[in-house]
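Before any comments, here is the structure.
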Amino acid sequence: MKNAGFARIAFAMQCLALTGAIVGFASSRASTNSHNNDTDKSGAGKTQELKVTIKEWAVPTKGAHPHDPAVGADGALWFTEQMANKIGRLDPMTGEFKEYPLTVTNSGPHGLVSDRDGNIWFTGNFAGYIGKLDPKTGDVKEYKMPVEKADDPHTAAFDANGTLWFTLQGANMVGRLDPKSGKIELKDVPTENALPYGMQVNSKGVPFFCELGTNKIGSIDPKTMAIHDYALPEPVRPRRMAIDGQDRVYFSDFKAGHLGRLDPKTGEVKLWDSPGGAESNPYGITITPNGMVWYSESGVKPNTVVRFDPKTETFAKADIPSGGGVVRNMAATKDGRVYIACSGVDKVGVVQP
């Protein structure tokens with residue numbers, strides 16, 4: 001994978017250009033005549049004040065650009081430091097940080113997730129590998145992609161069997177890694193330039209992923225790795241997702257300013273206007289144990305934290321004190337708190353309901 005790091009930085013710049021193009025398209029609103037899709041305008045003007053406490057901490061390394069947060073097995077807030085080549089850990093109770101430097105130069109750590117034993121798995125987005133960090137020793141094991149094209153692993157999620165699934169945005173692939181054997185298997189996404197992005201696994205072990213480059217959400221057969229696409233209305237572009245207790249897929253529509261929901265059982269898609277409007281660029285998203293959907297609006301200043309109640313279909317929002325600087329992902333704790341990473345202002349935070 002010669003010059004892979006430079007290639008990944010170049011692709012990251014292309015993604016920023018793509019984001020600009022997507023934002024520029026946001027003035028056209030999603031609509032459809034299909035009875036299987038519904039755009040709900042009723043939320044306009046009904047947004048409540050979100051009464052939460054948002055506490056933020058500056059990460060130790062300046063310019064780290066924390067990308068994704070994750071909840072550790074010990075409840076700590078873990079995060080990737082994409083531009084500092086480190087993995088970080090915050091104890092929200094004490095405010096104590098610890099950083100773990102990576103041995104592979106310019107890894108570009110992006111997504112991360114904890115396993116049952118407390119190991120932190122992350123995607124080396126710039127260097128084409130999946131990493132496993134042992135917090136007890138600081139040792140990192142790298143699992144290189146088996147083909148040169150697959151040089152940008154992006155977002156990762158475990159299934160109940162311990163298999164790690166992941167997307168590869170620029171390579172237009174999805175993959176899985178067996179931690180026991182170290183074997184990696186890859187699958188091309190059928191839609192050209194689909195830009196596989198956010199990923200989650202439902203209660204039946206089926207991985208779902210966002211196709212940011214088009215108006216689709218994909219699912220993967222966990223046995224055969226066959227991909228099935230679910231069509232969304234134009235001009236929707238899903239970026240991140242979260243799956244609720246009924247296996248419905250909530251997604252952030254980055255392009256047209258919606259919160260969306262796909263019911264894979266019926267194919268029904270429902271869209272709600274985000275409180276910040278068509279250019280609010282919904283991004284990071286998660287669901288707390290009480291079923292509330294939380295997400296960020298990255299296209300407004302300051303960035304907001306939005307809570308959606310699926311039972312009443314109502315929104316509440318709060319400004320992020322630091323401004324956010326783009327909250328790219330969120331993670332929900334077992335006790336209902338929300339971890340955030342504010343990449344543009346080099347902070348991580350906790351939203352306490």
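Starting from 1, each residue takes its place in the sequence as its number.
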Passing candidate, side-chain contact (heavy atoms from CB on, under 4.5 Å) with R240, options Y250, Y197, Y295, F251: Y197
Should E268 and L262 be marked as a side-chain contact (heavy atoms from CB on, under 4.5 Å) after you check the CA-CA gap, both sets of side-chain angles, and the distance that decides it? CA-CA 6 Å; E268 179 187 12; L262 163 69; over 6 Å; no
Before giving the answer on salt bridge (Lys or Arg N to Asp or Glu O under 4.0 Å), spell out for K86 and E99 the whole-Å C-alpha distance, their side-chain angles and the decisive distance to 0.1 Å. CA-CA 6 Å; K86 298 176 181 179; E99 294 180 304; 3.5 Å; yes
Check the surroundings of atom CD in E96: do more than 12 heavy atoms from other residues, nucleotides or ligands lie under 6.0 Å from it? no
Steps toward side chain to side chain donor-acceptor pair (under 3.5 Å) verdict (N125, T123): CA-CA 5 Å; N125 186 248; T123 55; 5.6 Å; no
Show, in sequence, the C-alpha distance, side-chain angles and deciding distance for I285 and L259, and conclude whether the side-chain contact (heavy atoms from CB on, under 4.5 Å) test is met. CA-CA 10 Å; I285 187 170; L259 171 67; 3.8 Å; yes
Taking the side chain as every heavy atom from C-beta outward, state whether K149 and L168 have any atom pair closer than 4.5 Å. no
Would you say the rings of W57 and F97 are close, in the sense that their centroids are separated by under 6.0 Å? no
Would you verify whether the NZ or CZ of R237 falls within 45 degrees of the ring axis of F254 while also being under 6.0 Å from that six-membered ring's centre? no
Between N161 and T163, does any side-chain donor sit less than 3.5 Å from a side-chain acceptor? no
Exercise: do D247 and S203 side chains pair donor with acceptor under 3.5 Å: yes
Derivation and outcome, side-chain contact (heavy atoms from CB on, under 4.5 Å), residues R176 and D178: CA-CA 7 Å; R176 65 181 174 192; D178 181 350; over 6 Å; no
Does any non-hydrogen side-chain atom of M292 lie less than 4.5 Å from one of D309? yes
